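Order of the sequence lines sets the chain letters (A, B, ...), proteins ahead of strands, with each chain counted from 1. Just the heavy atoms: all of them, side chains too, but no hydrogens, waters or symmetry mates, feed the values below. Predicted model only: the values in this text are computed from it and were never measured.
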Amino acid sequence: MTETPARDKAADTAPYKHLYLVDGSGYIFRAFFAIPPRMTSHGVHTNAVFGFTNMLIKLLRDTDADGLAVIFDHSGDSFRNEIYPDYKANRDEPPEELVPQFAAIREATRAFGLPCLEQPGYEADDLIATYARLAADQGLRVTIVSSDKDLMQLVAERIDMLDPMKDKAIGRDEVIEKFGVPPEKVIDVQALAGDSTDNVPGVPGIGIKTAAQLVEDYGSLEALLERAGEIKQPKRREKLIENADLARVSKRLVTLEQQVPVEADLAGFGLREPDPEVLRDFLERYEFRSILNRLADKLVANGGEGVVPDAKEVGGSAAPVTSEAPAERPPGSGYETVQTAEALKAWVARATEAGTVAVDTETDSLDSLRATLVGVSLAVAPGEACYIPLAHKGDGGDGDSLDFEAGAPPQQIPLEEALDLLRPLLADPTVLKIGQNLKYDLEVLHRYGVEVAPLDDTMLLSYVLEGGLHGHGMDELSKLHLDHTPIPFKEVCGSGKSQITFDRVPLDRATDYAAEDADVTYRLHALLKPQLVTEKVTRVYETLERPLVPVLVAMEEAGIKVDTGQLKRLSNDFATRMGELETEIHRLASRPFNIGSPKQLGEILFDELSLPGGKKGKTGAYATGAEILEQLAAQGHDLPARVLDWRQVAKLKSTYTDALQNQINPKTGRVHTSFGQAVASTGRLSSTDPNLQNIPVRTEEGRKIRCAFVAEAGHKLLSVDYSQIELRLTAHIAGVDALREAFAAGHDIHAMTASQVFGVPLADMDPATRRRAKAINFGIIYGISAFGLAQNLGIAQGEARDYIGAYFARYPEIQDYMERTKAEAKERGWVGTLFGRRIHLPTIRDKNPARRSFGERAAINAPIQGTAADIIKRAMIRIPPAIEAAKLEARMLLQVHDELLFEVPEAQVEETAALVAQVMEGACAPALELTVPLVADVGVGASWDEAH
DNA sequence: CGAGTCACG
DNA sequence: GACGTACGTGACTCGG
């Protein structure tokens with residue numbers, strides 16, 4: 001090694017203007033975890049090298065780089081280990097798939113003719129720091145290509161950074177965003193906060209945010225350490241005094257060395273064209289065929305064999321999309337408007353002959369139980385579709401008024417005559433009716449005395465095939481699978497104030513729109529239905545989703561009775577209470593303000609009253625969530641306590657007592673929800689307009705609303721719910737013998753867990769220990785994290801980590817399950833339920849670690865939540881025929897994920913309860929035998945509150 | 001129309 | 001090696 005300082009060797013004028021310094025070591029680690037695995041035909045892992053190569057190409061192509069060097073860590077200790085022996089001592093060995101890529105990435109660098117720099121005793125960051133300073137001193141622009149925050153201290157007037165993973169430029173502002181201080185103070189902040197990944201100690205108890213605040217307040221680390229005695233918080237003061245030297249050592253560790261006696265000369269970093277033969281040889285050996293193709297024109301030296309298809313990436317799982325025959329016309333024109341009985345008869349005959357017909361109804365409302373039928377469209381083959389108008393009005397006035405400008409209604413088949421012609425077709429067991437969200441059409445047609453069966457639903461086909469990947473609305477599916485955008489509803493009916501109902505749309509436009517929907521549905525069906533078999537989800541579709549449609553129709557049609565008098569009384573009570581609280585809150589705040597505005601509330605609490613704990617989020621607004629307000633209330637502040645009260649009452653009033661009254665169907669006097677069957681990615685149902693799956697139950701005030709859900713005279717409400725179904729399924733799926741035995745014996749599962757994990761004898765179990773165990777049990781189902789558990793229990797993350805460790809030590813099968821499931825999800829892009837439902841997790845391979853972790857937790861939860869959803873769906877499908885067979889008259893009204901609610905004649909309550917519980921407990925058979933018992937608990941009452 | 005908040009399993 | 005945090009939903013209110 002030469003001792004000559006590089007400065008003397010550097011050319012005074014480098015042959016370039018903008019130098020890029022690429023952090024090769026940093027990149028390879030990040031790329032390894034961010035990029036899906038891939039390997040050569042010889043089994044050599046190449047994902048990180050592939051990412052690096054692509055990044056280099058992009059850099060050379062898209063930027064103004066005219067000088068470039070790639071810098072690596074040298075293996076072995078650096079001078080920092082002499083300062084602090086534990087530096088980076090907590091690092092795991094790199095994964096074995098990564099190790100061979102260290103050499104390959106250097107090869108890649110050389111293949112592009114680029115300098116490849118490293119130096120014993122120094123880390124890449126020090127070399128980068130040194131070269132960056134040298135170049136900047138010469139007036140060159142420097143861009144450091146790295147995602148490593150440790151390099152941010154180098155950002156300066158002529159030095160910026162580029163995050164190659166996010167393709168994001170990092171300048172002074174971004175550094176301030178990250179560290180809360182400008183670049184020149186970053187090392188002070190890092191010295192205080194430490195860095196767990198590098199094992200830089202810092203000062204215990206101080207994180208980035210506190211550090212930034214302190215450095216800002218005192219100007220520098222040294223000034224802070226000297227005046228540490230002035231700090232108000234006693235704990236913080238002690239820690240700072242006690243650990244001042246540790247902070248100073250930390251600062252030396254995080255400070256990059258800008259005076260490395262470097263060997264290579266800046267002048268040699270000018271870009272030049274790579275040798276095509278060397279580059280080609282490299283790309284071929286690593287089998288980067290897609291890159292070879294892209295660079296084909298630059299690699300002519302070898303002639304070669306031409307275009308080679310890219311190797312399929314490991315784990316790539318995009319479902320192949322078969323395309324329609326090319327001769328076919330795209331959807332969108334040549335549809336027939338059916339205005340005579342003769343024409344309709346011809347269409348019915350064609351549909352009967354074909355054995356398959358796509359059906360769509362047009363109405364004047366999204367509410368299927370109030371909508372008026374305006375027309376029906378049919379499709380019998382791709383492009384062969386018609387629209388049958390049934391209740392269109394003239395194109396001007398409302399038909400009833402004396403508006404002389406209004407056109408007369410168009411010619412239409414009389415409604416009853418048309419229905420009589422359609423009825424046999426729609427009920428014909430030999431003709432398959434295809435629809436998109438047929439539940440809606442079934443409900444509309446049912447009110448006109450029309451039955452529809454058998455059926456296939458393209459929305460549900462898409463849901464079972466590609467749940468989790470995208471939504472399942474028709475427009476979205478059409479764009480995705482048919483590459484065709486159907487006429488938007490807005491274009492036909494307008495939007496906002498000037499929106500018209502479909503019965504006002506002129507017949508030609510109505511036909512274009514309505515027949516196209518049937519046409520698109522027909523084509524989607526032809527495309528999706530065969531995929532059930534190839535994708536192995538036939539059972540999910542045929543045994544879970546398709547038979548559920550008529551069940552949901554019956555439930556939505558049944559609705560549930562609400563006691564309006566009770567709701568009105570509650571509404572008044574809540575209004576009075578809100579008024580009282582409002583007066584009190586305004587008095588405490590010393591001025592009136594809008595309590596419902598989090599923005600105004602935050603300003604009152606933290607600016608005007610200067611209460612502690614004001615934290616601003618991304619949007620610059622103070623956080624005023626329940627958790628924050630509870631903390632303040634616990635400290636004895638009245639205003640936040642009253643706001644919490646006010647919020648609870650306001651929520652109950654606006655969302656439940658008021659909104660519910662408006663949702664009562666005037667014809668039935670009952671409330672009819674709509675169940676979403678293709679919404680939740682896990683297979684659960686959802687409930688809207690109104691949502692009856694989130695009626696309050698956890699607080700006493702809230703339960704008053706449940707009291708308003710009542711049974712018809714002479715009837716009772718019967719509630720049957722699965723006890724601990726998700727935890728039971730976890731025990732089964734993960735194969736946890738200890739939990740299975742506890743369930744089999746009927747023990748208190750949370751107490752049992754507490755005993756087994758914390759070693760407390762069952763007899764001495766205290767509620768706090770049981771509560772901890774319960775929180776862990778729930779956490780497991782959600783894909784536990786120390787952070788989440790700590791948050792939930794209000795404990796330190798370290799303590800939460802210990803709990804999880806103890807739990808995994810006691811139930812190692814759970815940890816196995818989690819690791820297995822994550823690996824499987826990453827490999828395939830989806831996870832499955834016990835009944836074969838697939839839940840896709842597109843974020844599981846995301847390069848953003850937050851989104852990826854999110855995907856991993858969802859992967860752990862989905863098989864559990866999804867299997868529970870499958871089981872209750874099986875029960876729901878079996879219950880109506882079981883009730884009928886037993887000659888009972890109970891009606892199933894609602895499903896709330898693990899609970900079914902029924903309305904039952906008083907005399908039949910016991911028999912129905914026993915029957916329902918039996919079906920629910922046996923819902924897995926005969927497809928599956930669980931190794932834990934399923935238990936259904938029964939409740940009966942005049943109201944939902946009593947029954948629950 | 002997005003963010004914040006909060007109701008449920 | 002780094003980012004944000006428990007899983008899945010829907011409705012209401014505010015404010016740009």
Side-chain angles (χ1 to χ4, degrees), chain A residues 25-34 91-92 94 98 146-150 163 165-166 178 195-198 594-602 617-619 621-629 644 647-648 650-656 658-660 673-674 676 679-699 702 705-706 721-722 725-726 775-776 778-792 797 800 839 846-854 856-866 868-869 872 895-899:
Chain A
S25 292
Y27 185 86
I28 195 169
F29 268 99
R30 288 177 174 83
F32 178 76
F33 292 105
R91 289 281 175 91
D92 291 333
L98 174 58
S146 175
S147 310
D148 190 343
K149 63 178 177 355
D150 294 346
D163 181 339
M165 309 296 294
K166 292 182 186 159
K178 172 86 192 175
D195 185 339
S196 57
T197 54
D198 290 348
N594 185 346
I595 307 167
S597 161
K599 185 168 170 280
Q600 294 182 29
L601 175 64
K618 302 167 229 172
T619 56
Y622 288 112
T624 67
E627 222 164 291
I628 308 264
L629 299 190
L644 282 169
R647 275 193 185 161
Q648 192 196 11
K651 177 88 175 180
L652 293 175
K653 183 173 187 305
S654 69
T655 307
Y656 299 104
D658 291 353
L660 223 39
T673 187
S674 174
V679 180
S681 59
T682 53
R684 273 191 179 181
L685 297 177
S686 74
S687 163
T688 56
D689 307 305
N691 181 354
L692 295 185
Q693 290 182 323
N694 72 346
I695 300 303
V697 69
R698 292 173 188 171
T699 66
I705 289 161
R706 279 201 178 218
D721 71 302
Y722 282 115
I725 187 167
E726 293 195 351
I776 307 179
F778 268 99
I780 293 298
I781 293 168
Y782 296 152
I784 201 155
S785 74
F787 182 95
L789 183 63
Q791 182 103 349
N792 189 288
Q797 245 188 94
I839 295 108
D846 200 298
K847 64 182 163 123
N848 176 316
R851 282 198 289 269
R852 193 169 59 245
S853 315
F854 187 68
E856 289 173 352
R857 293 193 297 271
I860 291 165
N861 171 262
I864 302 167
Q865 190 182 117
I872 198 166
Q895 187 249 46
V896 192
H897 311 308
D898 65 356
E899 173 190 6

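Contact check, A/Ser853 against C/dT5: no side-chain N or O comes under 4.0 Å of OP1 or OP2. The phosphate of C/dG1 (OP1 or OP2) has no side-chain N or O of A/Lys149 nearer than 4.0 angstrom. Side-chain N/O atoms of A/Arg647 include one lying less than 4.0 angstrom from OP1 or OP2 on B/dC6. Put simply, A/Asn594 has a side-chain N or O that comes within less than 4.0 Å of OP1 or OP2 on C/dC14.
Among the protein residues, A/Phe778 comes within range of no part of the nucleic acid, since none of its heavy atoms lies under 4.0 Å from any strand. Among the heavy atoms of the strands lying under 4.0 Å from A/Ile784 is at least one base atom, whether or not backbone atoms are also near. Residue contacts shown for A/Arg684 include a base, since a base heavy atom lies under 4.0 Å away. Counting any heavy atom pair closer than 4.0 Å across all strands shown, A/Ala659 reaches sugar-phosphate atoms only and no base atom. Heavy atoms of A/Gln791 sit nowhere under 4.0 angstrom from any nucleic acid atom. Within the nucleic acid shown, A/Leu789 comes within 4.0 Å of at least one base atom, counting heavy atoms only. Residue A/Asp898 is classed as a sugar-phosphate contact, given heavy-atom separations below 4.0 Å to backbone atoms only. Residue-level contact check: A/Ser785 touches the bases, meaning some heavy atom is under 4.0 Å from a base atom. As judged by a 4.0 angstrom heavy-atom cut-off over every strand, A/Gly596 is placed among residues touching the sugar-phosphate backbone only. Contact annotation for A/Ala775: base contact, defined as any heavy-atom pair under 4.0 Å involving a base atom. Residue contacts shown for A/Phe32 are absent, as no nucleic acid heavy atom lies under 4.0 Å away. Using a 4.0 Å heavy-atom cutoff across all strands shown, A/Ala626 reaches sugar-phosphate atoms only and no base atom. Looking at heavy-atom distances under 4.0 Å, A/Lys847 makes no contact with the nucleic acid at all.
For A/Asn691, taking side-chain heavy atoms from C-beta onward, the closest of the listed nucleotides C/dG10, B/dA7, C/dA2 is C/dG10. The side chain of A/Lys651 approaches B/dC6 more closely than any other nucleotide in the set C/dC3, C/dA2, B/dC6. For A/Ser686, counting side-chain heavy atoms from C-beta on, the closest listed nucleotide (C/dC12, C/dG1, C/dT9) is C/dT9. Across C/dA11, C/dG8, C/dG4, the shortest atom-to-atom separation from the side chain of A/His897 is found for C/dG8. Nearest nucleotide to the side chain of A/Tyr782, out of B/dG9, C/dT5, C/dG10: B/dG9. For A/Asp198, the listed nucleotide lying nearest its side chain is C/dG1; candidates were B/dT5, C/dG1, C/dC3. The nucleotide whose nearest atom lies closest to any side-chain atom of A/Asp689 is, among C/dA11, C/dA6, C/dG10, C/dA11. Here C/dA2 is the nucleotide among B/dG9, C/dG8, C/dA2 with the atom lying nearest to any side-chain atom of A/Arg852. Considering only the side chain of A/Asn861, C/dG8 comes nearest among B/dC8, C/dG8, B/dA7.
Contact annotation: side chain of A/Gln693 to base of B/dC8, donor-acceptor pair absent below 3.5 Å. Remark: the A/Lys599 side chain and the C/dC14 base include no donor-acceptor N/O pair separated by less than 3.5 Å. In the interface, the side chain of A/Arg698 is paired with the base of B/dG9 through a donor and an acceptor atom under 3.5 Å apart. In the interface, the side chain of A/Arg851 is not paired with the base of C/dG4 through any donor and acceptor atom under 3.5 Å apart.
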message = Before you tell me yes or no, could you show the steps for A/Thr688 and A/Val679 under side-chain contact (heavy atoms from CB on, under 4.5 Å), namely the whole-Å CA-CA distance, both residues' side-chain angles and the distance that decides it to 0.1 Å?
response = CA-CA 11 Å; A/Thr688 56; A/Val679 180; over 6 Å; no

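Of the possible donor and acceptor atoms, one in the side chain of A/Arg706 sits under 3.5 Å from a partner among the backbone N and O of A/Ile695.
The gap from the C1' atom of B/dA7 to that of C/dA2 amounts to 34 Å, rounded to the nearest Å. Nucleotides B/dT5 and C/dA6 place their P atoms 14 Å apart, quoted to the nearest Å. Taking atom P on both B/dA3 and C/dG4, the two are 15 Å apart, rounded to the nearest angstrom.
Checked by atom type, the side-chain pair A/Ser687/A/Gln693 shows no donor-acceptor distance below 3.5 Å.
Taking atom CD1 on A/Ile705 and atom P on C/dA11, their separation rounds to 15 Å, with Å as the unit. Put simply, CD1 on A/Ile872 is 14 Å from C1' on C/dG8, counting in whole angstrom units.
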